[in-house]
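Notes for the one structure printed next.
Residue numbers count from 1 along this sequence.
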Amino acid sequence: MKRITLVITILLATLEMAAQEQEITSAITVFPNFQPATVYLTSGRKMEIPLANIFLKNGALLYMSGDDIKEANMKTLLRAEFGDKVYIRIDSMLACQVDSIGDNALFRAKIIDIKAYKQSRANSANITNLDLSYLTDTSASLSYNTIEATDKSELQFPIESVYFYRLDDQFIRVHERTLKRTLPKEKRRIMESVMNMPGFTWTNEKYLMMILEKIQ
């Protein structure tokens with residue numbers, strides 16, 4: 001019994017720590033309110049949009065058309081400016097610049113982490129009628145009933161930061177697999193030396209800038 005209780009305690013603690021580390025929001029847009037934006041299109045055209053925002057579902061530009069909210073065709077978009085905040089279209093999402101070294105830079109797009117959201121919904125269920133019955137000395141069966149604990153009117157969305165490098169005028173997804181495919185062997189070794197540093201993660205912008213500095 002103690003062994004199973006310990007496992008459950010560790011699992012719940014781990015889930016709680018992970019939730020604390022990840023940004024959580026109840027919003028579905030980057031900005032709390034729709035606001036004016038200057039949009040630049042691939043055709044060279046410049047547009048002033050009175051009310052616009054960025055959709056956290058996929059990083060797309062949203063804009064008001066009458067009483068309707070519409071999603072822009074991202075293929076026609078180059079960048080969008082919200083006041084002093086500049087967002088560049090990379091792949092199919094809008095990303096803002098985090099920092100730069102010369103002409104190279106790190107960009108970040110924020111989207112809802114759908115996988116983590118579904119997992120958090122599953123983990124938000126209250127466990128009731130917990131029954132542990134030992135099958136052998138080393139294994140046990142676990143049966144339980146669940147009830148939904150989260151009010152659907154108070155949804156909380158975990159946010160995933162997606163990073164890109166602008167490196168030699170090309171945009172590259174900041175991911176170990178992508179960078180290994182892109183970088184020559186010598187620069188891959190340099191990248192791996194940073195990856196082996198204590199505390200490194202692919203969401204720590206300090207380490208991401210360190211990699212950018214070393215591979216440019």
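- Going from atom CD of E23 over to atom OG1 of T203 covers 11.5 Å, rounded to the nearest 0.5 Å.
- Within a 6.0 Å radius of CG in L78, other residues, nucleotides and ligands contribute more than 12 heavy atoms.
- Atom OG1 of T38 sits about 3.5 Å away from atom CD of E48, to the nearest 0.5 Å.
- Taking hydrophobic clusters as Ile, Leu, Val, Met, Phe, Trp and Tyr residues chained together by side-chain heavy-atom distances below 4.5 Å, V30 shares a cluster with F82.
- Put simply, the side chain of R79 never gets that close to the backbone of Y40: no donor and acceptor are under 3.5 Å apart.
- Atom CG of N104 sits about 9.0 Å away from atom CE of M209, to the nearest 0.5 Å.
- Heavy atoms of other residues, nucleotides or ligands lying less than 6.0 angstrom from CG of D169 number 12 at most.
- Heavy-atom minimum distance, L56 versus T29: CD1-O, 3.5 Å.
- The hydrophobic cluster containing L61 also contains I159, counting ILVMFWY residues as joined when their side-chain heavy atoms lie under 4.5 angstrom apart, directly or transitively.
- No side-chain heavy atom of K57 sits less than 4.5 Å from a side-chain heavy atom of I28.
- Heavy atoms of other residues, nucleotides or ligands lying less than 6.0 angstrom from CG of N196 number more than 12.
- Using a 4.5 Å heavy-atom cutoff, the side chains of D99 and E205 are not in contact.
- Two different hydrophobic clusters hold V98 and V86 under the rule that ILVMFWY side chains link at heavy-atom gaps under 4.5 Å.
- The minimum heavy-atom distance linking P158 with I24 is given by the pair CA-CD1, 3.6 Å.
- When every heavy atom of G59 is checked against every heavy atom of I111, the shortest pair comes out as N-CG2, 3.7 Å.
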Mind running side chain to side chain contact (heavy atoms under 4.5 Å, CB included) on K180 and E192 for me, showing each step along the way?
-> CA-CA 10 Å; K180 280 186 174 180; E192 289 169 355; 3.3 Å; yes
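- Taking a 6.0 Å sphere around CD of E186, one finds it holds 12 or fewer heavy atoms contributed by other residues, nucleotides or ligands.
- Donor-acceptor pairing under 3.5 Å is lacking for the side chains of Y165 and Q216.
- Of all heavy-atom pairs spanning L179 and R173, the tightest one is CG-O, 4.2 Å.
- Separating the CZ atom in R166 from the CZ atom in F171 is a distance of 5.5 Å, to the nearest 0.5 Å.
- No chain of hydrophobic side-chain contacts below 4.5 Å, direct or via other Ile, Leu, Val, Met, Phe, Trp or Tyr residues, connects I190 to I101.
- Between the R89 side chain and the M74 main chain, a donor and an acceptor come within less than 3.5 Å of each other.
- No side-chain donor-acceptor contact under 3.5 Å links S65 to the backbone of D68.
- In terms of heavy-atom proximity, Q156 sits nearest to S26 at NE2-CB, 3.6 Å.
- Among all heavy-atom pairs drawn from L51 and F34, the shortest one is CD2-O, 3.6 Å.
- Side chain of N53 to backbone of F31: a donor-acceptor contact under 3.5 angstrom is found.
- Taking the six-membered ring for Trp and the full ring otherwise, F200 and Y207 have centroids separated by under 6.0 Å.
- Not one N or O on the side chain of D91 forms a donor-acceptor pair closer than 3.5 Å with the backbone of M93.
- Hydrophobic clustering, with ILVMFWY side chains joined whenever heavy atoms are under 4.5 angstrom apart, groups L106 together with M210.
- Taking CG of L77 as the start and OG of S92 as the end, the distance is 11.5 Å to the nearest 0.5 Å.
- Here the straight-line distance linking atom CD1 of I215 with atom OG1 of T182 works out to 9.0 Å at 0.5 Å rounding.
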